[in-house]
Amino acid sequence: MTAAELPVGDDLTTLESHILSEEQRHAGASGTFSWILAAMTLSAKIISSKIRRARIEDVLGSIGSRNASGDDQQKLDVIANETLLRCLGSRAGVALLASEENDQPIILHTEEDRPYCILFDPLDGSSNLDACVSVGTIFSILHHDSHADPIETSLLQPGTKQVAAGYMLYGSSCVFAITTGSGVNLFVLDPTVGAFLLVQENVRIPGAAKSYSINEAYRSRFPEGYQRYLDWAHGNGYSSRYIGSMVADVHRILIKGGVFLYPPTTGNPDGKIRLMYEANPLAMIVEQAGGKAYAGTTPLLEIQPKALHQRTPVIMGSPTEVDHVLEHLATSP
Ligand code: P6P
């Protein structure tokens, strides 16, 4: 049989082989970054397995304590966090780890040759787990500033400085979405072989779609501009989809279009979503797919962070739909 006679079709590409081929495209790549992404995929497989068996192994529900942001911690929040800390903590190249579940960053190494910081929300939307609703892990990777003093300030970089970002969505399938600054690629876990397989390269978000995602129960607490946008959307045939797991809402918007909003409220003037490990990584994904991401009228990725767990208002999604929101904020914030 000659090469031309091989039974070829769409070649199967795993996340690992995709990472290695990307690494080969960057002369002088040390492989450290590939090792980190391999740790992320191992974490995803472990967390996905834990979630699928959560009710059987009785690890659903709250542990009765609160995390750094004051959120009620679910048992699986702790399990997911410990999984990520274990998988990433042993990897060369990681200087700092920062998690929604830990008040302080974890300082792994201070030697000069630790080029990366990794920030993550181990299980976004975990309050939905008992109802078997999609949840996810969101991660952001930054270059470590070895001159930062104190060392923790190395983490306080704007979203534009992210080296890579992505999420693992534990839904009807386990999706791994990643960008390293050259577009967004999607992989799906094939549990029969335990590998993430490439399903879509260079994802492009639909330019427009008449759908918004917001918790309308808080409408009366939103600034007027957001309320006027909602009135406009209601009068222009928009539908509403809100899961309550940002990672799942944003993934749907990445595929089908629309806009996700978590505005400021009278109770939370900075909104609820955390900048460093929820908004920034998802904003990088959305912008790399051709969408837009704003915090009010400020481009979200340009925000200079002041604190690791700080919150931010969020508007992100299809460019046309984000523009419709911004038009209604223009006359009043
Ligand atoms: P609300 C989950 O706790 C989360 O941080 C996001 O994933 C989600 O979009 C939001 O909170 C839901 O918040 O106030 O609508 O319940």
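One-based numbering, in listed order, for ligands and for the atoms of each.
At least one donor-acceptor pair closer than 3.5 Å links the side chain of Gln227 to the backbone N or O of Phe222.
The existence of a salt bridge linking Arg219 and Asp231 is confirmed by a sub-4.0 Å separation between a basic side-chain nitrogen and an acidic carboxylate oxygen.
In summary, the side chains of Asn280 and Ser140 do not present any donor paired with an acceptor at a separation below 3.5 Å, with no hydrogens or angles considered. Between His144 and Ser154, the side chains place a donor N or O and an acceptor N or O closer than 3.5 Å (distance only, hydrogens not considered). No hydrogens or angles considered: a donor-acceptor pair under 3.5 Å links the side chains of Tyr170 and Thr137.
With values rounded to the nearest 0.5 angstrom, Met40 atom CE is found 10.0 Å from Phe196 atom CZ.
Within 4.0 Å of ligand 1, heavy atoms belong to protein residues Asp124, Gly125, Asn215, Tyr218, Tyr242, Gly244, Ser245, Met246, Phe260, Tyr262, Lys272, Arg274, Glu278.
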